[in-house]
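When a residue number appears, it is its place in the shown sequence, counting from 1.
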Amino acid sequence: IKKNFMFIVVVIIVSCLGLILSYCAANSDLNSFLDRFSAKINILMIVFFSALVYLSYKIQKESLKVREQETTLKIIERSWLGINKIIDTEYSKCPNFIDSLYFDWQKNEMKWSPSRSQTEDQWTTVLYISIQIFQAFEDVLTVSTLDQTGLYVWIANFIQWCSSSELRKSWDVLKPNFASSTRLFCDYIFEYLDTHPHPMNTEELTELSKKLANLPEIKKLTEK
């Protein structure tokens, strides 16, 4: 913002000087210094405004890069770190549901053996976590053109979560509350996992997420 402000100030000052010089030259004596200088003003102004266009492009490009970085950090904070924080905080209230959000091979690799509760999950907590997860889908679609993370990285997370039959039940109830693009996106991933083998290791998960990210159906929803 500071750079943009200074840039605008310089443009205004130079433009005013150019107008003043042009006015003075038009009213000066023939063959005077200002008269001779006026012949060069047009060339100087062309050079100046060419430089102006270039500098404006550079500034806008830098501003876009900054916005992309800020967007990426915010979406990571909200749609990845935030959800994992909720999962950690609320685990005791619905361990069965949260366990279902992870592949068995992930738990095995992490040497994580969660103890299943003998009591039912607290439905309000299941609902809360489900909403947060589906909102993450919508957030990623909303900022997909600015986020620098890479869509396939997010899809890898979504594949993991959507492999949960418990989350699928929540989606069937909650889907009317989300934008049409989010409904299409989630439906496609759920339906794909219903009809194809689930990934069995990290390599397969990465390969599948890249495949889905490049499908025309998905690109249509993310490339605005």
Side-chain angles (χ1 to χ4, degrees), residues 68 70-104 106-107 114 117 120-199 204-206 208-224:
E68 288 177 346
E70 291 174 347
T71 299
T72 299
L73 292 174
K74 288 179 181 178
I75 197 68
I76 289 172
E77 176 66 30
R78 178 169 177 169
S79 298
W80 175 240
L81 300 179
I83 288 179
N84 278 276
K85 182 178 180 180
I86 292 168
I87 286 173
D88 179 55
T89 303
E90 307 296 344
Y91 182 79
S92 62
K93 297 179 182 177
C94 54
N96 300 308
F97 172 68
I98 290 177
D99 288 352
S100 75
L101 297 175
Y102 296 85
F103 292 115
D104 288 338
Q106 289 177 316
K107 300 176 212 176
S117 171
E120 291 187 2
D121 292 335
Q122 186 170 314
W123 74 268
T124 52
T125 307
V126 171
L127 183 67
Y128 174 57
I129 296 176
S130 297
I131 289 172
Q132 292 291 323
I133 288 175
F134 298 137
Q135 186 59 50
F137 281 62
E138 191 155 288
D139 291 345
V140 168
L141 287 177
T142 301
V143 302
S144 58
T145 56
L146 294 176
D147 176 43
Q148 295 178 324
T149 306
L151 181 62
Y152 83 91
V153 177
W154 290 113
I155 289 181
N157 295 323
F158 299 157
I159 289 171
Q160 173 191 312
W161 294 333
C162 289
S163 297
S164 163
S165 59
E166 298 301 316
L167 186 66
R168 178 63 181 268
K169 294 176 184 177
S170 295
W171 176 242
D172 291 338
V173 174
L174 294 170
K175 64 188 296 184
N177 299 289
F178 294 90
S180 59
S181 58
T182 306
R183 294 198 296 269
L184 291 170
F185 188 50
C186 291
D187 280 344
Y188 190 87
I189 293 179
F190 277 123
E191 290 168 6
Y192 187 94
L193 292 172
D194 282 344
T195 56
H196 293 77
H198 292 190
E204 289 185 7
L205 179 57
T206 300
L208 177 57
S209 64
K210 288 182 177 180
K211 176 182 177 180
L212 293 182
N214 287 304
L215 288 177
E217 297 90 336
I218 300 297
K219 283 190 172 184
K220 185 178 179 180
L221 298 172
T222 57
E223 295 180 353
K224 304 174 182 64

(Q) What verdict does the side chain to side chain contact (heavy atoms under 4.5 Å, CB included) test give for Ile218 and Tyr152, after you've listed the backbone C-alpha separation in whole Å, the side-chain angles of each residue and the deciding distance to 0.1 Å? (A) CA-CA 11 Å; Ile218 300 297; Tyr152 83 91; over 6 Å; no
Q: Any chance you could lay out the side chain to side chain contact (heavy atoms under 4.5 Å, CB included) test for Leu167 and Phe190, step after step, and finish with the verdict?
A: CA-CA 10 Å; Leu167 186 66; Phe190 277 123; 4.3 Å; yes
Q: Take Leu208 and Tyr192 through the test side chain to side chain contact (heavy atoms under 4.5 Å, CB included) and record every step on the way to the result.
A: CA-CA 11 Å; Leu208 177 57; Tyr192 187 94; 3.4 Å; yes
Q: Take Ile131 and Asn177 through the side chain to side chain contact (heavy atoms under 4.5 Å, CB included) test and state the conclusion after the steps.
A: CA-CA 9 Å; Ile131 289 172; Asn177 299 289; over 6 Å; no
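The shortest side-chain heavy-atom distance between Lys220 and Leu184 does not fall under the 4.5 Å cut-off. Counting heavy atoms from C-beta outward, Arg183 and Trp171 have side chains that approach closer than 4.5 Å. Taking the side chain as every heavy atom from C-beta outward, Ile87 and Tyr102 approach each other to under 4.5 Å. Within the 4.5 Å cutoff, the side chain of Tyr91 has no heavy atoms near those of the Ile129 side chain. Side-chain atoms of Glu166 and Lys169, non-hydrogen and from C-beta on, do get closer than 4.5 Å to each other. Put simply, the side chain of Cys186 does not reach to within 4.5 Å of the side chain of Phe178, judged on heavy atoms.
Counting heavy-atom neighbours within 6.0 Å of Lys175 NZ, excluding the residue itself, gives a total above 12.
When all heavy atoms of Ala136 and Ile83 are compared, the pair lying nearest together is CB-CD1, 3.6 Å. Residues Leu193 and His198 share a closest heavy-atom pair of O-NE2, 3.1 Å. What you find for Ser209 and Ala156 is that their closest heavy atoms are CB-N, 3.6 Å. The minimum heavy-atom distance linking Leu212 with Tyr188 is given by the pair CD2-CE2, 4.2 Å. The two residues Lys219 and Ala213 have their closest heavy-atom pair at CG-O, 3.6 Å.
By the 4.0 Å N-to-carboxylate-O rule, Lys74 lies too far from Asp139 to be salt-bridged with it.
Rounding to the nearest 0.5 Å places CD1 of Ile133 at 8.5 Å from CD1 of Ile86. Atom-to-atom distance recorded for Asp187:CG and Glu217:CD is 13.0 Å, nearest 0.5 angstrom. If you take CZ on Phe137 and CG on Asn157, they are separated by 9.0 Å, rounding to the nearest 0.5 Å. Annotation: the span from Glu90 atom CD to Thr124 atom OG1 amounts to 8.5 Å, rounded to 0.5 Å. Taken from CZ in Phe158 to CG in Leu151, the straight-line distance is 8.0 Å, to the nearest 0.5 Å. Atom OH of Tyr128 is separated from atom SG of Cys94 by 11.5 Å, given to the nearest 0.5 angstrom.
Remark: side-chain polar atoms of Thr195 are paired, donor with acceptor, to backbone N or O of Glu191 under 3.5 angstrom. A donor-acceptor contact shorter than 3.5 Å links the side chain of Gln160 to the backbone of Leu101. The backbone N or O of Ala179 sits less than 3.5 Å from a side-chain atom of Glu138, completing a donor-acceptor pair.
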